[in-house]
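To keep things clear, I will list the structure first and then write my remarks on it.
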Amino acid sequence: MDNPILVTKSSIPAFEEYTEEIKDIWNTHWLSNMGIKHQKLEAELKRYLQADYLTLCTNGHLALETAIQAMQLTGEVITTPFTFASTTHAIVRCGLTPVFCDIKEDTYTIDENKIEELITERTSAILPVHVYGNVCNLEKIEQIALKYGLKVIYDAAHTVGVTYQGKGIGSFGDASVFSFHATKVFNTIEGGAICCKDITLHERFYSIKNFGMNTEGEVIGLGGNAKMNEFQAAMGLCNLRHLTENIEKRKQIVNRYRKHLQEISGITFVDEQDKVQHNYAYFPILVDQKQYGMNRDEVCDLLKEANIFARKYFYPLTSEFGCYRKLFPIQRTPIAERIAEGILTLPLYPDLEWSIVDQICEIIRIGQRHGEKND
Ligand code: T4K
């Protein structure tokens, strides 16, 4: 490959489309603090995500911290370690203790049947992750939360455009937090949002993201600064116009990967979920060394030799971060450990050429033959 193929490539509009969109910003000199672009994007995304209320934030991580702070959680939060650093860091930075629940082999999302055994008197919430855009067991999690009086915040960073039974994924739980980072299916350069059903909670999110102020500018509580600026919102307005088309292109690429890789023994991937409309955010494969002949790191290196940069999302587990070791007890999560050892996320973005997908699959196919010889 002449040019490096990276795990993703930000979707951006035509240069002229963006410059046209930002002209108003030049005319008004209004750069931040919930200007017209922010208002417009908030309204459009609310509609697209089918959310009752939506709060835009400067990034997904601060959106998570804002949501956690607004819920006034205490003690322990049940979550999964098979995620990006942000999920666990947000819990810990809000002064709470993460309690790690194992994941399921079929979707890599929280194992709903293992949540109850982790609930103690100190548990105040469940924070599951719709990892790679795979949807958690929403019904069971809601039942458990109701039974024990717990809040549910979904880390929905990967799920812009995903629906469950035709409903926007942001309409489940007490709140769902999206990321609009440059590497995501939909981006506002950096960005994020919190969706919820409760107006009081929504007002609290809004206040916390803006120094604890109410709409009159009066400080009514503790807050920080997590506001999205006008240039970010303008990028979002442009990217939103192309989102449906981009998700369709992603779908075709994923189908091509699946078609080529399904026959290779020792390589597996997550199937489409029932009742879910997916957004094809990532394409992770699981490498089973015993069956495939090589381990995940070797496959990663093999691709690297061809100038293809797959990524080990999500390895290591966040529960293995040294910075947590002395802070709280770390629960064992054997399935998550095994998945993290074998997972490899392949390149995926709307204009990834099909011929490159074919080459990536061919390298993986040939790799298996080498692996067999070395056995
Ligand atoms: N919860 C979950 C489950 C998350 O995955 C994330 C973020 C969050 C919460 C927090 O949301 P944010 O605060 O980020 O909104 C990337 C992203 O920075 C991060 O947003 C994402 N998850 C995570 C899974 O991936 P890195 O450190 O792997 O990114 P980096 O810089 O290595 O970029 C990866 C590839 O993307 C590059 O090889 C090329 C491409 N790229 C990158 C950038 C920055 C572009 O094409 N354009 C770009 O501008 O973390």
Side-chain angles (χ1 to χ4, degrees), residues 10-67 70 133 154-163 167-171 175-197 199 201-211 213 215 223-247 279 281 350:
S10 297
S11 295
I12 44 177
F15 182 69
E16 296 71 24
E17 186 179 348
Y18 187 62
T19 48
E20 187 57 37
E21 191 65 55
I22 61 174
K23 265 188 191 156
D24 300 342
I25 306 179
W26 251 259
N27 296 336
T28 59
H29 289 237
W30 193 276
L31 307 183
S32 188
N33 292 9
M34 286 71 82
I36 47 170
K37 300 291 169 193
H38 183 288
Q39 290 167 31
K40 195 162 173 230
L41 182 65
E42 207 158 66
E44 289 192 12
L45 272 176
K46 194 161 98 76
R47 202 163 37 239
Y48 178 79
L49 295 170
Q50 305 176 45
D52 292 333
Y53 299 101
L54 182 143
T55 310
L56 285 177
C57 291
T58 194
N59 59 51
H61 181 81
L62 284 178
L64 257 183
E65 290 196 7
T66 301
Y154 282 106
D155 182 333
H158 302 167
T159 45
V160 170
V162 173
T163 63
K167 278 176 78 178
I169 200 69
S171 40
S176 293
V177 177
F178 293 90
S179 164
F180 309 144
H181 182 260
T183 53
K184 297 296 191 294
V185 168
F186 164 77
N187 84 76
T188 57
I189 309 171
E190 291 270 0
I194 320 169
C195 293
C196 70
K197 298 184 282 273
I199 186 158
L201 202 51
H202 168 67
E203 284 169 356
R204 231 183 275 155
F205 296 150
Y206 230 89
S207 167
I208 291 172
K209 84 163 179 183
N210 189 19
F211 306 106
M213 291 196 272
T215 44
N225 182 359
K227 289 169 277 138
M228 177 180 280
N229 71 49
E230 291 291 275
F231 290 90
Q232 291 173 284
M235 181 62 95
L237 287 168
C238 296
N239 281 336
L240 198 52
R241 291 180 201 124
H242 307 281
L243 183 54
T244 306
E245 184 193 338
N246 281 342
I247 290 178
N279 67 354

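Note that the structure is predicted; figures quoted are calculated from it, not measured.
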**Request:** Working to the nearest 0.5 Å, report the span between OG of Ser179 and CG of Leu62.
**Result:** 11.5 Å
**Request:** Look at atom CD1 of Ile12 and say whether more than 12 heavy atoms of other residues, nucleotides or ligands are closer to it than 6.0 Å.
**Result:** no
**Asked** Got a donor-acceptor contact below 3.5 angstrom from the Ser10 side chain to the Ala182 backbone?
**Response** yes
**Asked** What's the spacing between Glu190 CD and Gln232 CD if we round to 0.5 Å?
**Response** 7.0 Å
**Complete:** Correct closest heavy-atom pair for Cys195 and Ala51 would be SG-CB, 3.6 Å
**Message:** Tell me the closest heavy-atom pair linking Gly133 and Asn279, and the distance in Å.
**Reply:** CA-OD1, 4.3 Å
**Message:** Just so I know, are the side chains of Val160 and Lys184 near enough to count as touching, which here means a heavy-atom distance under 4.5 Å?
**Reply:** no
**Asked** Has the side chain of Glu21 got a donor or acceptor atom that lies under 3.5 Å from a matching backbone atom of Ala234?
**Response** no
**Request:** Would you indicate whether the side-chain heavy atoms of Asn239 and Phe180 approach each other to under 4.5 Å?
**Result:** no
**Asked** Can you tell me how far the CG atom of Leu237 sits from the CD atom of Glu20, to the nearest 0.5 Å?
**Response** 13.0 Å
**Prompt:** Can you find a pair of side-chain heavy atoms, one from Asn33 and one from Lys227, that are under 4.5 Å apart?
**Reply:** yes
**Request:** Could you tell me the separation between the CG atom of Asp155 and the NE2 atom of His61, rounded to the nearest 0.5 Å?
**Result:** 10.5 Å
**Prompt:** Heavy atoms, side chains only, cut-off 4.5 Å: are Ile25 and Phe231 in contact?
**Reply:** yes
**Prompt:** About how many Å separate CG of Leu240 and CG of Asn187, when rounded to the nearest 0.5 Å?
**Reply:** 11.0 Å
**Prompt:** Does Tyr206 have any ring-ring contact (aromatic ring centres under 6.0 Å, His included) partners at least two apart in sequence or in another chain, and if so, which?
**Reply:** His202
**Message:** Working note: Thr215 + Glu203, criterion side-chain contact (heavy atoms from CB on, under 4.5 Å); need CA distance, chi angles, decisive distance, verdict.
**Reply:** CA-CA 9 Å; Thr215 44; Glu203 284 169 356; over 6 Å; no
**Message:** For Tyr48 and Leu243: C-alpha separation, side-chain torsions, deciding distance, then whether side-chain contact (heavy atoms from CB on, under 4.5 Å) applies.
**Reply:** CA-CA 10 Å; Tyr48 178 79; Leu243 183 54; 3.5 Å; yes
**Message:** Between Leu56 and Thr188, is there a side-chain heavy-atom distance shorter than 4.5 Å?
**Reply:** no
**Item:** Criterion side-chain contact (heavy atoms from CB on, under 4.5 Å) on Thr55 and Lys209, from CA distance to verdict
**Value:** CA-CA 9 Å; Thr55 310; Lys209 84 163 179 183; 3.8 Å; yes
**Prompt:** Between atom CD1 of Ile247 and atom CD of Glu245, what is the distance when rounded to the nearest 0.5 Å?
**Reply:** 11.0 Å
**Message:** For Ala156 versus Ser176, what's the shortest heavy-atom pair and its separation?
**Reply:** CB-CB, 4.2 Å
**Message:** Tell me the closest heavy-atom pair linking Ser11 and Asn246, and the distance in Å.
**Reply:** OG-ND2, 3.8 Å
**Message:** If I compare all heavy atoms of Gly236 with all of Phe186, which pair ends up nearest, and what's the gap?
**Reply:** O-CE1, 3.3 Å
**Asked** Can you tell if the side chain of Pro13 reaches within under 4.5 Å of the side chain of Met235, non-hydrogen atoms only?
**Response** yes
**Message:** With a 4.5 Å cut-off on side-chain heavy atoms, are Ile194 and Cys57 touching?
**Reply:** yes
**Prompt:** Do the side chains of Asn210 and Met34 get nearer than 4.5 Å, heavy atoms only?
**Reply:** yes
**Request:** Begin with the C-alpha distance, continue with both residues' side-chain angles, and end with the deciding distance and a verdict on side-chain contact (heavy atoms from CB on, under 4.5 Å) for Thr28 and Glu230.
**Result:** CA-CA 11 Å; Thr28 59; Glu230 291 291 275; over 6 Å; no
**Complete:** When every non-hydrogen atom of Cys238 is compared with those of His242, the smallest separation belongs to O-CD2, 3.1 Å
